[in-house]
Amino acid sequence: RFMTSSVQPVRVAVTGAAGQIGYALLPRIAAGEMLGPNQPVILHLLERDDPKALAALEGVVMELQDCAFPLLRGVVATSDINKAFDSVDYALLVGAKPRGPGMERADVLKDNAAIFKVQGRALNESAKKSVKVCVVGNPANTNAMIAAANAPNIPATNFTSMMRLDHDRAMAQIALKLGASSVADVEKLVVWGNHSATQYPDLSNAVIKGKSVAKNVDQEWVRNTFIPTVQQRGAAIIKARGVSSAASAANAAIAHVRDWVLGTNGRIVSMGIPSDGNPYGVKEGLLFGFPVTCQNGQYKIVEGLQWDEFGKGAIERTIKELQEEKDAVKHLL
Ligand code: NAD
Ligand code: LMR
């Protein structure tokens, strides 16, 4: 607990740091859950230039101090975006408006898209060129595409969006249905496409301890229960809580970055990444949920998975929606 690491600290930016996801995320990053138990961190916390948001941020900083995390080597708390992104190695772009009951995630596109243009530019100016970016703020895929387009000096492949919450939700539903002893036994699941109601949670290749999931569930359950439950889970949580998911979203962000940086040991996870040059023929220029494995800090698309006719239709729908979102923000690209 009190051992000090001699490893150099890395800088992690989190935007919207005083929001509800920020509150669930920051202690876990500072505890080493994202980058490992030997990696010290300096947190760079960005909030809006608004007295209430900045007062709340001050409270978050006090609580981080009070946790006495051995790996936490400094906190920069600011509303100055260039200070927030100065020399950062990682950026979790969370700060954005959440949707409310009855809304789709694309309904916040108009309000949120501009944020990601500004943040893409600021990352370009201030962050390390190797910065790894995970976009959480909705609509996450299109926001990540906007940020990448505004950061010409950072490789576009460094901009990813979070599909991991959808992935983990789908794993949990399968484990519950088939009584798996652990969710971790579910493998080879993919959530393709957009982090939205058109996403395609695809269990056709999934296995539990080597046994096909598809062969042990009926198609009626897959199409009428499993897929809609995963697609609509965010809305179900908003309906139940009055506000959107936070603990599970923070958990997914930790898992996304941890796996990207520390590797997946051959396991498949879903990440939103640029569609350029993918083996599945998804139109280039979209930010799309794909199956990947990660090793040595790099993600790699898993090739060779097949879609049946139903799957092809689902993929077409999610591509169409992403294209429409892209068209709606073309002035920011
Ligand atoms: P929240 O309203 O509790 O917090 C957002 C915070 O961001 C606020 O403190 C706000 O002041 C700040 N903020 C807004 N604009 C900012 C800007 N330009 N720069 C810096 N800070 C800014 O919201 P939340 O529940 O934490 O959710 C944040 C976002 O994450 C929402 O868009 C939500 O829809 C999204 N989300 C995505 C996923 C996913 O799976 N991709 C999951 C859950 C939530
Ligand atoms: C989620 O999936 O929980 C988040 O994207 C929040 C939302 O708006 O559904």
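- Summarising the geometry of Gly285 relative to Lys326, their closest heavy-atom pair is O-NZ, 3.4 Å, with the distance given to 0.1 Å.
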For a side chain to side chain donor-acceptor pair (under 3.5 Å) check, start with the C-alpha distance between Thr318 and Gln199, then their side-chain angles and the critical distance, and finish with the verdict.
CA-CA 6 Å; Thr318 199; Gln199 67 180 263; over 6 Å; no
Between Ser181 and Asp185, is the side chain to side chain donor-acceptor pair (under 3.5 Å) condition met? List the steps.
CA-CA 7 Å; Ser181 54; Asp185 291 336; 3.0 Å; yes
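- When each of Ile29, Val261, Val133 is paired with Tyr90, the side-chain contact (heavy atoms from CB on, under 4.5 Å) condition holds for Val261 and for no other.
- No donor-acceptor pair under 3.5 Å is formed between the side chain of Ser79 and the backbone N or O of Asp49.
- For Asn153, the CG atom is densely surrounded, since the number of other residues' heavy atoms within 6.0 Å is greater than 12.
- Using a 4.5 Å cut-off between side-chain heavy atoms of Ile, Leu, Val, Met, Phe, Trp and Tyr, with links allowed through other members, Leu262 and Val257 fall into the same hydrophobic cluster.
- Residue-environment remark: NZ (Lys128) exceeds the threshold of 12 foreign heavy atoms within 6.0 Å.
- Judged by distance alone, the side chain of Ser126 and the main-chain N or O of Asp86 form no donor-acceptor pair under 3.5 Å.
- Under 4.0 Å is where a charged nitrogen must lie from a carboxylate oxygen, and between Lys312 and Asp308 no such pair does.
- Looking at His195 and Ser161, their side chains never bring a donor and an acceptor atom within 3.5 Å of each other.
- Hydrophobic clustering (side-chain heavy atoms under 4.5 Å, transitive across Ile, Leu, Val, Met, Phe, Trp, Tyr) keeps Tyr299 apart from Phe159.
- Atom OH of Tyr280 has more than 12 heavy atoms from other residues, nucleotides or ligands within 6.0 Å.
- Residue Lys129 comes nearest to Asn124 through the heavy atom pair NZ-O, 2.8 Å, listed as atom of the first residue, atom of the second, then distance.
- Of all heavy-atom pairs spanning Asn278 and Val282, the tightest one is ND2-O, 2.9 Å.
- Closest heavy-atom contact between Ala30 and Leu71: O-CB, 3.7 Å.
- Shown here for Ser245 and Gln20, the closest heavy-atom pair between the two residues is O-NE2, 4.2 Å.
- Tracing side-chain contacts under 4.5 Å through hydrophobic residues (I, L, V, M, F, W, Y), one never reaches Phe85 starting from Met34; they form parts of separate clusters.
- Side chains of Val12 and Leu92 form a contact here, defined as non-hydrogen atoms less than 4.5 Å apart.
- Linking Ile, Leu, Val, Met, Phe, Trp and Tyr whenever their side-chain heavy atoms come within less than 4.5 Å puts Leu287 and Leu123 in one cluster.
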For Asp202 and Ser204: C-alpha separation, side-chain torsions, deciding distance, then whether side chain to side chain donor-acceptor pair (under 3.5 Å) applies.
CA-CA 6 Å; Asp202 174 12; Ser204 57; 2.6 Å; yes
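- Panel note: side chain Asn158, backbone Val131; a donor-acceptor pair is recorded below 3.5 Å.
- Salt-bridge formation is detected for the pair Asp111/Lys97: a Lys NZ or Arg NE/NH1/NH2 atom is positioned less than 4.0 Å from an Asp or Glu carboxylate oxygen.
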Test side chain to side chain donor-acceptor pair (under 3.5 Å) on Asn141 and Glu325 and set out the steps.
CA-CA 9 Å; Asn141 297 46; Glu325 288 183 18; over 6 Å; no
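- In this structure, the separation between CD on Gln232 and CD1 on Ile238 is 10.0 Å, given to the nearest 0.5 Å.
- The line from OG of Ser244 to CG of Leu165 is 10.0 Å long, rounded to the nearest 0.5 Å.
- Distance alone, capped at 3.5 Å, places no donor-acceptor pair between the Glu33 side chain and the Ile254 backbone.
- Looking at heavy atoms from C-beta onward, Leu45 lies out of side-chain contact with Val76 at the 4.5 angstrom threshold.
- Of the possible donor and acceptor atoms, none in the side chain of Asn296 sits under 3.5 Å from a partner among the backbone N and O of Gln298.
- Side-chain contact between Asp107 and Arg99 is absent, with no heavy atoms from C-beta onward closer than 4.5 Å.
- Between Phe290 and Phe288, the angle of the ring planes lies from 30° to 60°, which puts this pair in the tilted group.
- For the residue pair Arg28 / Asn251, a side-chain donor-acceptor distance below 3.5 Å is found, with atom types taken as modelled.
- Checking side-chain atoms of Gln173 against main-chain N and O of Phe226 turns up no donor-acceptor pair under 3.5 Å.
- The environment of Gln295 atom CD is sparse: at most 12 non-hydrogen atoms of other residues, nucleotides or ligands sit within 6.0 angstrom.
- Summarising the geometry of Gln231 relative to Thr198, their closest heavy-atom pair is NE2-C, 4.1 Å, with the distance given to 0.1 Å.
- Not a single donor-acceptor pair under 3.5 Å links the side chain of His44 to the backbone N or O of Ala13.
- Between Asp166 and Arg233, none of the side-chain N atoms (NZ, or NE/NH1/NH2) sits under 4.0 Å from a carboxylate O, so this pair counts as no salt bridge.
- Side-chain atoms of Asn143 do not come within 3.5 Å of backbone N or O of Phe116 as any donor-acceptor pair.
- Put simply, the side chain of Asp168 never gets that close to the backbone of Ala252: no donor and acceptor are under 3.5 Å apart.
- With rounding to the nearest 0.5 angstrom, the OG atom of Ser275 is 9.5 Å from the CE atom of Met145.
- Contact annotation: the side chain of Asn138 never approaches that of Pro98 to less than 4.5 Å [non-hydrogen atoms, C-beta and beyond].
- Under a hydrophobic-cluster definition in which Ile, Leu, Val, Met, Phe, Trp and Tyr are linked whenever side-chain heavy atoms come within less than 4.5 Å, directly or via other members, Val108 and Leu93 are assigned to different clusters.
- The ring of Trp307 has its center no closer than 6.0 angstrom to the ring center of Tyr200.
- Put simply, CG on Asn224 and CD1 on Ile227 are 9.0 Å apart, with the number rounded to the nearest 0.5 Å.
- The pair Glu324-Lys320 counts as a salt bridge, with a side-chain nitrogen and a carboxylate oxygen less than 4.0 angstrom apart.
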